[in-house]
Amino acid sequence: MSPYAAGRRRVHRSVAAVVPLAVAAALLSARSADASAPAAQAQVVRTATLGDVPLGTFSNGLLPGSVADDRGVDLGGIGSDIYPAGRKGEFWTVTDRGPNGQIKVNGSKRRTFPVPGFDPAIVRIKVTGDTVRVLRALPITTSSGKPVTGLPNQAGRDEAPYSYDARTALSYDPNGLDTEGIVRAADGSFWLVDEYGPSLVHVSARGEVLTRYVPRGLGLTGTDYPVVEALPEVLLHRKINRGFEGLAQLPGGDLVIALQSPLSLPDTDAGEASLTTRLLRFSPKRKAVTAEYAYRFDPVGVVDPGEDDTSELKISSVVAVGGDRLLVEERTDRAARLQVVRLDRKADILGGRWDDDTTSPSLEQLADPAGSGVPVLAKRLAVDLGKVAGVPGKIEGVARVDHDTLALINDNDFGMTDGTGAFNAQGRLVDSGIETKVVHVRLPRGI
């Protein structure tokens with residue numbers, strides 16, 4: 001496949017402040033009291049930008065005729081995750097479900113899909129200087145080679161899909177995937193996570209869905225690929241558009257899946273107010289979840305000073321950093337902090353009372369889970385990205401480049417905004433101007 005050319009962009013570099021030795025010594029002595037100290041010394045060492053590639057050109061190059069009208073949208077959304085591809089400067093990334101937004105009609109929000117023919121794709125990129133270039137792309141397809149699409153699966157469970165102007169209802173698609181995290185297995189196949197089910201998706205090296213693992217009781221029918229109900233039933237209470245988003249591959253091959261937000265258990269209000277979400281450990285060999293962990297967010301004002309809405313907290317990325325240790329990204333759309341956690345076997349809550357949706361109060365309702373006997377994962381702040389100059393907003397992908405360096409990628413939402421102003425009178429995108437960027441951040445103390 002011919003690579004797509006990407007426009008050149010200017011590199012933005014932050015300049016590290018010179019700290020007098022006496023001040024540095026004072027900072028070191030106070031580190032135990034100041035959890036944010038490591039972040040103050042991290043710095044951006046490279047910024048690269050994806051140039052403009054018309055979405056129709058990209059999509060039709062993969063699946064001819066799939067997109068009749070891209071409405072002026074460029075390729076974006078590849079920042080749903082990033083994973084090292086084995087060569088210097090090269091990474092695997094994955095798009096989400098495609099351009100989408102929200103428009104209010106008669107006081108109710110409708111979910112719009114301006115390019116309904118868009119098919120989620122796995123995209124291999126190369127960072128060279130200040131440029132991100134697409135090397136290769138794999139369309140995600142069904143068993144018969146058809147596009148899975150990014151459309152919602154089930155009426156009554158997922159948001160109803162509408163056209164770009166929210167005037168015309170679109171059809172649901174049981175094959176549809178809202179793809180997020182990505183890792184590549186030793187055999188060349190890929191594992192992805194999806195927000196609709198939520199689900200874990202095994203994809204061949206060619207992009208074909210091999211198996212989709214969903215919660216027990218989901219009852220998803222009509223798919224053109226195998227669906228296995230192998231995940232805890234309690235996940236049926238996932239918040240809309242907040243299913244699985246983070247995915248890591250441990251050294252032994254096990255996967256760790258992060259639920260983006262707390263479950264709506266027993267109801268929406270409980271989930272919106274909760275600081276407790278869940279991580280799952282999945283064994284590809286056993287094709288089963290083998291452990292579950294309670295993960296506790298920091299207060300929203302700590303993650304994003306000035307923000308007071310707890311429901312803005314999300315986990316968007318998890319990264320294996322050796323043994324059973326992970327980097328976990330806690331974020332809002334404006335700020336993010338990376339925490340180091342270890343998956344302690346004693347913290348496993350799989351199959352216990354917290355997986356029973358009749359338990360009252362639920363895990364999500366507990367103001368102090370640890371105080372109530374829940375083994376919450378311990379964590380340590382690695383870096384506060386909100387305090388690192390040059391890091392863009394809405395970081396959804398994190399990859400470890402080496403002991404000292406992380407690669408971050410943002411989700412630019414395909415340049416879309418919400419509301420009726422997202423498209424002009426001719427139905428063409430009014431671009432937000434937000435670009436897809438890959439940023440390298442160096443941590444002086446490593447991970």
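Under a 3.5 Å cut-off, the side chain of Lys314 and the backbone N or O of Glu312 do form a donor-acceptor pair. Here the side chain of Asp356 pairs a donor or acceptor atom with the backbone of Thr358 at under 3.5 angstrom. Between the Arg337 side chain and the Arg331 main chain, no donor and acceptor come within less than 3.5 Å of each other. No donor-acceptor pair closer than 3.5 Å links the side chain of Ser274 to the backbone N or O of Ala270. Checked by atom type and distance alone, the side chain of Asp348 pairs as donor or acceptor with a backbone atom of Glu292 at under 3.5 Å. Proximity of a side-chain donor or acceptor of Glu329 to a complementary backbone N or O of Leu338 within less than 3.5 Å is not detected. Asp81 places no side-chain N or O within donor-acceptor distance of the main-chain N or O of Thr93, the cut-off being under 3.5 Å. Here the side chain of Asp304 pairs no donor or acceptor atom with the backbone of Glu307 at under 3.5 angstrom. Side-chain atoms of Thr277 come within 3.5 Å of backbone atoms of Leu259 as a donor-acceptor pair (strictly under, hydrogens ignored).
Cation-pi geometry between Arg71 and Tyr164 is satisfied (NZ or CZ under 6.0 Å from the ring centre, within 45° of the ring normal).
Ring geometry for Phe414 versus Phe118: interplanar angle over 60°, hence perpendicular rather than tilted (30 to 60°).
Closest approach of Val388 and Asp384 over heavy atoms only: CG2-O, 3.6 Å. Minimum heavy-atom separation, Ser432 to Thr417: CB-CG2, 3.9 Å. The two atoms that bring Gln154 and Gly219 nearest to each other are NE2-O, 3.6 Å, heavy atoms only. A pairwise comparison of heavy atoms in Ala137 and Leu62 identifies O-CD2, 3.5 Å as the closest pair. Taking all atoms of both residues into account, the shortest heavy-atom contact from Arg400 to Leu406 is CA-CD2, 4.0 Å. Residues Gly217 and Glu229 come closest through the heavy atom pair N-OE1, 2.8 Å.
Considering Thr95, Thr179, Val203 as possible partners of Ile122, the one that fulfils the side chain to side chain contact (heavy atoms under 4.5 Å, CB included) test is Val203.
For Arg442, the CZ atom sits in a loose shell: 12 or fewer heavy atoms of surrounding residues, nucleotides or ligands are nearer than 6.0 Å.
A side-chain donor-acceptor contact under 3.5 Å links Gln339 and Asp298. In the model, Tyr196 has a side-chain atom that pairs as donor or acceptor with a side-chain atom of Arg97 under 3.5 Å. Judged by distance alone, the side chains of Asn241 and Glu195 never bring a donor and an acceptor atom under 3.5 Å apart. Asp411 and Ser80 share no donor-acceptor pair across their side chains, judged by distance under 3.5 Å alone. For the residue pair Glu245 / Ser316, a side-chain donor-acceptor distance below 3.5 Å is found, with atom types taken as modelled. When only modelled atom types and interatomic distance are considered, Thr47 and Lys437 share no side-chain donor-acceptor pair under 3.5 Å.
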>> Could you go through Glu330 and Lys379, starting from their C-alpha distance and side-chain angles, then the distance that decides it, and tell me whether this counts as salt bridge (charged side-chain N to carboxylate O under 4.0 Å, His left out)?
In response: CA-CA 12 Å; Glu330 299 181 24; Lys379 62 185 184 180; 2.6 Å; yes
> Stepwise, does the salt bridge (charged side-chain N to carboxylate O under 4.0 Å, His left out) test hold for Asp368 with Arg296?
Replying inline: CA-CA 10 Å; Asp368 179 14; Arg296 187 81 171 160; over 6 Å; no
>> Is there a side-chain contact (heavy atoms from CB on, under 4.5 Å) between Leu429 and Met416? Walk through the geometry before answering.
In response: CA-CA 7 Å; Leu429 179 72; Met416 274 198 62; 3.7 Å; yes
> Taking it one step at a time, do Val303 and Phe297 satisfy side-chain contact (heavy atoms from CB on, under 4.5 Å)?
Replying inline: CA-CA 9 Å; Val303 177; Phe297 287 104; 5.9 Å; no
> How far apart are the C-alpha atoms of Ser108 and Asn106, what are their side-chain angles, what is the distance that settles it, and do they pass the side-chain hydrogen bond (donor to acceptor under 3.5 Å, both in side chains) test?
Replying inline: CA-CA 6 Å; Ser108 298; Asn106 298 325; over 6 Å; no
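Under 4.0 Å is where a charged nitrogen must lie from a carboxylate oxygen, and between Arg278 and Asp355 at least one such pair does. Ion pairing of Lys239 with Glu272 is present here, as a side-chain N (NZ or NE/NH1/NH2) and a carboxylate O approach within less than 4.0 Å. Ion pair Arg212/Asp194 flagged as a salt bridge, since at least one NZ, NE, NH1 or NH2 atom sits closer than 4.0 Å to an Asp/Glu carboxylate oxygen. The pair Arg428-Asp70 meets the salt-bridge criterion, since a charged nitrogen lies less than 4.0 angstrom from a carboxylate oxygen. Ion pair Asp158/Arg238 flagged as a salt bridge, since at least one NZ, NE, NH1 or NH2 atom sits closer than 4.0 Å to an Asp/Glu carboxylate oxygen.
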